[in-house]
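Before any comments, here is the structure.
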Protein chains: 2
Amino acid sequence: MKSTMMDVPLLIPEILERTRHFFAEREIVSLLVAGRDEQGQPVPQAHRTTYGQVADRALRLASALTAAGVQPGERVATLAVNSFRHLEAYLGIPSMGGVLHTVNIRLHPDQVCWIINDAEDKVLLIENLFAALIPTIQAGCPSIEKIVVLGPLPQPIPGVDDYDAWIMSHQPQERYPEMQETDAAGMCYTSGTTGNPKAVTYSHRSTLLHSLASAPKDALNVGQEDSVLPIVPMFHVNAWGLPYTCALYGAKMVFAGAFSDGPTLAKLMQDEGVTITAGVPTIWMGLLAELDRAQQAGEPYHLPLERLVVGGSAAPEALIRAFWERHQLKLVQAWGMTETHPLGTTSTTPPGVAFDSDEGFELAAKQGVAVPLVQLELLGDNGDKLPHDGKSMGRLIARGPWVAGSYYKNTGQSNFLEIDGQEWFDTGDIATLDARGFMHIQDRAKDLIKSGGEWISSVDLENALMAHPAVSQAAVIAMPDPKWDERPLAVLVLREGQSAPPHDELTDFLAPKFAKWWLPDAYEVVEAIPIGATGKFLKRELREQFKEKVAAGTATR
Amino acid sequence: MKSTMMDVPLLIPEILERTRHFFAEREIVSLLVAGRDEQGQPVPQAHRTTYGQVADRALRLASALTAAGVQPGERVATLAVNSFRHLEAYLGIPSMGGVLHTVNIRLHPDQVCWIINDAEDKVLLIENLFAALIPTIQAGCPSIEKIVVLGPLPQPIPGVDDYDAWIMSHQPQERYPEMQETDAAGMCYTSGTTGNPKAVTYSHRSTLLHSLASAPKDALNVGQEDSVLPIVPMFHVNAWGLPYTCALYGAKMVFAGAFSDGPTLAKLMQDEGVTITAGVPTIWMGLLAELDRAQQAGEPYHLPLERLVVGGSAAPEALIRAFWERHQLKLVQAWGMTETHPLGTTSTTPPGVAFDSDEGFELAAKQGVAVPLVQLELLGDNGDKLPHDGKSMGRLIARGPWVAGSYYKNTGQSNFLEIDGQEWFDTGDIATLDARGFMHIQDRAKDLIKSGGEWISSVDLENALMAHPAVSQAAVIAMPDPKWDERPLAVLVLREGQSAPPHDELTDFLAPKFAKWWLPDAYEVVEAIPIGATGKFLKRELREQFKEKVAAGTATR
């Protein structure tokens, strides 16, 4: 028996229409680069507009793309920072049936071209800051028929349009084309460290469902009263979906553009009354240093932040404690991937547990509980599902209406599996799940350390090491070992002005928290840990770097 | 171009699985009738269980129904108060593919039978409190193959099962049947005041989407930390969807069973730490009286309520002000209908407006802004869409994935229309919409007063009259008038101990707020205003009652 409900598809135009009709006066603030200071550093200047203006311009962009010959289902690429213009692309491209393809600006130009060619992008919207890339793209990307520059250029570039002039020369689109909710609306390439990048295409349906699931207080807590600053880039899994979630709910949006340093962010949050912000742990370390500095200088910031969402990689418990104990600010961990749109879990404290208790901090440092409609399971070596006992470590698999079921062009088929007739995505993470549903990532499968047949969680060791007063960053990697197969090596970056703690001191520091055989055999101090395009440690490079040293027996013991 | 996201349907079993896995220890409290006091009034006793227990029993119910021969798509009726057993039916029936048909216990037995026969219900779960109805149903409802009684009976009834014994004799269902998200999951009859009742069947998809849309703070604000008391009955539009929303998010649920008096509710809210509650204005008037009494007696309640959701009919501004000013409690208005699942709008104060300002209270007394995915428009007499200017009154039409597109058996086709190829539901309400999206119901179309060719809003007059210190309830109805076609007559119920204010005093009281021609021509004082099965004024009856008096010229002027 079918229900009698209307068949109304879930479409991104619904988000655009809400911003136009209900939130037209709500502000959108973007830091743009106003020039350079004496050191050549960019100087920020706040640009102010409204959802009403953004919606009008998004509909002009839709008309302009149609006039440029973009057909429904064709890809329009962006190479852009977080700003109101990027938001217009988020709303306008899917509203004319196009697919928003956000390209990672941190990739090598060859990779950018490879990705644009693989996606067969037809139009490119590129930030003026990256204009130097244009000749490379013109030469190397034959599918691109039109390049449009976001923001003013010192001088015109031949064959390239100015975005503002281009869209303003078109009337706002009056009718949305026919769409189905399963049509592609967005496209994102993973930062695959092996092989070529693989693309996920988000649908209108998955985008709307992800926005609905993101808003409640047990997730990201977005509402019309909020002022939201996504520091996570809009080219990285849709800035965790926040541009769509905020537009759907009418939250003020604040964009930091090319800026991510602690002082600029702290001032921006204070000036714009930011209540919710989202970023990777590195960003929050920078912010924490600035908050500490200001407090010690007797000029503390006054931040109305309700929560700082942290994701991308695990936030160490020490960082969560530091924000709370020194600044009464709450870090809420979230977990996800490009393939999960990304919201998979959030780590809000369950009833009966105080956030600022030991148990509360311990839970806050886990990845958290699956949001509604996302299912998580653990697979053992033999492919059986493992118990949710908080101890059994297994390959984390995910399923849900905003989880990828394949990659574009059907690459990477081995990441998808079928269990009892249901599709699942293999995250490549090794995790535990407990009885309350708390998921705790132990490692990337490829970064796992297997010592004497047993797994050691590098993530747990790293988080513990980062609580040591001398340690700023820690990466624990597997080193080949003749007896145990693999043994952990800890690579450390020290805090400013600190000297390397002796091996025994670090061992004593870790010993109360871990089994003896988990403790690193060696510690190495480096200036910096190599970081990939999405801000994660490149452990593969570290393993290469230290392999020979270990083989030669010269690693620090 | 299709997206690469998984095809995962939105199904109620997802809700059940979350309660089992993440919220197993979370409490469910139900007031049951423990006996009768000396006046013959029922005495409440709190029953305590958990989501884990409820989920287990819901899966046993699923098995029991399958064993009883219920096929996917067949209807299972409930005639029950709000309690954990009714929640088990909510979760268990759709999880075996059945359709939960919640029958209104306030209907006349003949109507109950008519509805059961129309729905062709196969099994009936009936509360022990209503056991007296069983012989009527056995005699009059041939489709019912099995009757099961919820709660203990003083003595067995032939041919009737005890619910607890029945479900516990079955093992929990181990696999969910194949389902599509558009399959029917729930069924609800409207309280149509003309013609036979008409049924809406909710789908798994509409139920899940409605739950996701209900949780954010701009809607009902439900999360795992909350304790939620839906006083609105579970037989009335799924208690506004709260049982599903709370189960999806793991909120503690509190059920008042057969109790709805102010003192019992106030004590229950205090004892169970209720943070969110929902009911019709009449319930809140009773609660307000009890809170006032306790405060004046120097023994105020301590209620951790974050909001009281009010719907079903418009809450007068005076009521919203009274709760805030006397008890610092926030009433949040919501609007919806059986045909809208019901959540259509919520009246949360927009940014920049303080709830306790004059503008805040005025907005709070409107029905509010459409929640995401619900679209509202106004139609003029000629079928054109009217402007959203806060002044133009038109027929309110609604569209969205949880709005009915037809009735069961295709009755009432005239309530549905097609505009530009899109389906819309005609709510039968006359409303305004303003530039910020605030919808304000002026009247039911059938209760409209048209005087000299212009519309007068009975709802506005009623709300204004209810702010008069002598007036407890007010209903304004259209009376035939030889000159103006229709003129308003106000029917008043006085507060205890108050005498009827003179006509001129009421006119002077209303005059500053309304055009002169809106003011009622006459006032009539009655003991009580007739109320229908869903708690709304039966204006049709009032019009009948006063028609002759007006015609004879004997109505009070």
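A, B, ... follow the sequence lines: proteins, then strands. Residue 1 opens every chain.
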Segment of [X] engaging chain A (4.5 angstrom heavy-atom cut-off):
| X | answer |
| --- | --- |
| B/Val369 | side chain |
| B/Val371 | backbone |
| B/Ser206 | side chain |
| B/Gln224 | both |
| B/Leu10 | both |
| B/Ala398 | backbone |
| B/Ala185 | neither |

| Listed partners of A/Phe438 passing ring pair (Phe, Tyr, Trp, His ring centres under 6.0 Å), at least two apart |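 A/Phe438: no ring pair (Phe, Tyr, Trp, His ring centres under 6.0 Å) contacts found.
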| request: Under the ring pair (Phe, Tyr, Trp, His ring centres under 6.0 Å) rule, collect the residues that match up with B/Phe23, sequence neighbours excluded. | output: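 For B/Phe23, no residue satisfies ring pair (Phe, Tyr, Trp, His ring centres under 6.0 Å) once neighbours in sequence are set aside.
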| said: Can a donor-acceptor pair be found, under 3.5 Å and without considering hydrogens, that links the side chain of B/Thr4 to the backbone of A/Gly405? | reply: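 A pair under 3.5 Å: no.
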| Would a distance-only check, ignoring hydrogens and angles, find a side-chain to backbone donor-acceptor pair under 3.5 Å from B/Arg399 to A/Val8? |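 No; judged by distance alone, with no hydrogens or angles, the pair does not exist.
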Who among [options] has the most heavy-atom pairs with chain A under 4.5 Å?
| options | result |
| --- | --- |
| B/Gly421, B/Gly352, B/Ser203 | B/Ser203 |
| B/Arg75, B/His204, B/Arg175, B/Met187 | B/Arg75 |
| B/Ala215, B/Ala199, B/Ala404 | B/Ala404 |

Counting heavy atoms not belonging to [X], are there more than 12 under 6.0 Å from its [atom1]?
| X | atom1 | answer |
| --- | --- | --- |
| A/Glu174 | CD | no |
| B/Gln413 | CD | yes |
| B/Glu25 | CD | no |

| Is A/Pro401 close to B/Met5 at the side-chain level, that is, under 4.5 Å between some pair of heavy atoms? |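 No, every pair of side-chain atoms sits at 4.5 Å or beyond.
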| query | Are any non-hydrogen side-chain atoms of A/Arg436 and B/His21 less than 4.5 angstrom apart? | reply |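 No. Closest side-chain heavy atoms not under 4.5 Å.
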| query | Got a sec, which pairs hit salt bridge (charged side-chain N to carboxylate O under 4.0 Å, His left out) with one end in residues 200-219 of chain B, sequence neighbours left out? | reply |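 The answer is A/Glu181-B/Arg205, A/Asp226-B/Lys217, B/Glu181-B/Arg205.
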| Which region of A/Glu14, side chain (C-beta onward) or backbone (N, CA, C, O), has a non-hydrogen atom less than 4.5 Å from a non-hydrogen atom of chain B, or is it both or neither? |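 Side chain only.
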| Heavy-atom distance under 4.5 Å to chain B: side chain of A/Val222, backbone, both or neither? |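 Interface part for A/Val222: backbone (N, CA, C, O).
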As an exercise: rank [options] by heavy-atom pairs under 4.5 Å with chain B and give me the winner.
| options | result |
| --- | --- |
| A/Gly437, A/Gly223, A/Pro351 | A/Pro351 |
| A/Ala435, A/Gly400, A/Gly73, A/Ala213 | A/Gly400 |
| A/Thr182, A/Leu433, A/Asp420 | A/Thr182 |

Which heavy atom in [X] sits nearest to a heavy atom in [Y], and how many Å separate them?
| X | Y | result |
| --- | --- | --- |
| A/Tyr249 | B/Pro216 | OH-CG, 3.4 Å |
| B/Asp183 | A/Lys2 | OD1-NZ, 3.1 Å |
| B/Leu212 | A/Pro372 | CD2-CB, 4.2 Å |

| Of all the residues in residues 339-349 of chain A, which have a heavy atom that comes within less than 4.5 Å of a heavy atom in chain B? |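 Contacts with chain B: A/His341, A/Thr348, A/Thr349.
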| So A/Tyr408 and B/Met1, side chain to side chain contact (heavy atoms under 4.5 Å, CB included) or not? Walk me through it. | CA-CA 10 Å; A/Tyr408 176 61; B/Met1 181 181 176; 3.5 Å; yes
| message | Set out, in order, the CA-CA distance, both residues' side-chain angles and the distance that settles side chain to side chain contact (heavy atoms under 4.5 Å, CB included) for A/Glu17 and B/Gln375, then state yes or no. | response | CA-CA 10 Å; A/Glu17 288 298 306; B/Gln375 299 167 49; over 6 Å; no
| field | Worked verdict on B/Leu209 versus A/Leu209 for side chain to side chain contact (heavy atoms under 4.5 Å, CB included) | value | CA-CA 8 Å; B/Leu209 288 173; A/Leu209 289 173; 3.4 Å; yes
| Spacing of CZ belonging to B/Phe425 relative to CE belonging to A/Met6, to within rounding of 0.5 Å |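 Between atom CZ of B/Phe425 and atom CE of A/Met6 there are 8.0 Å.
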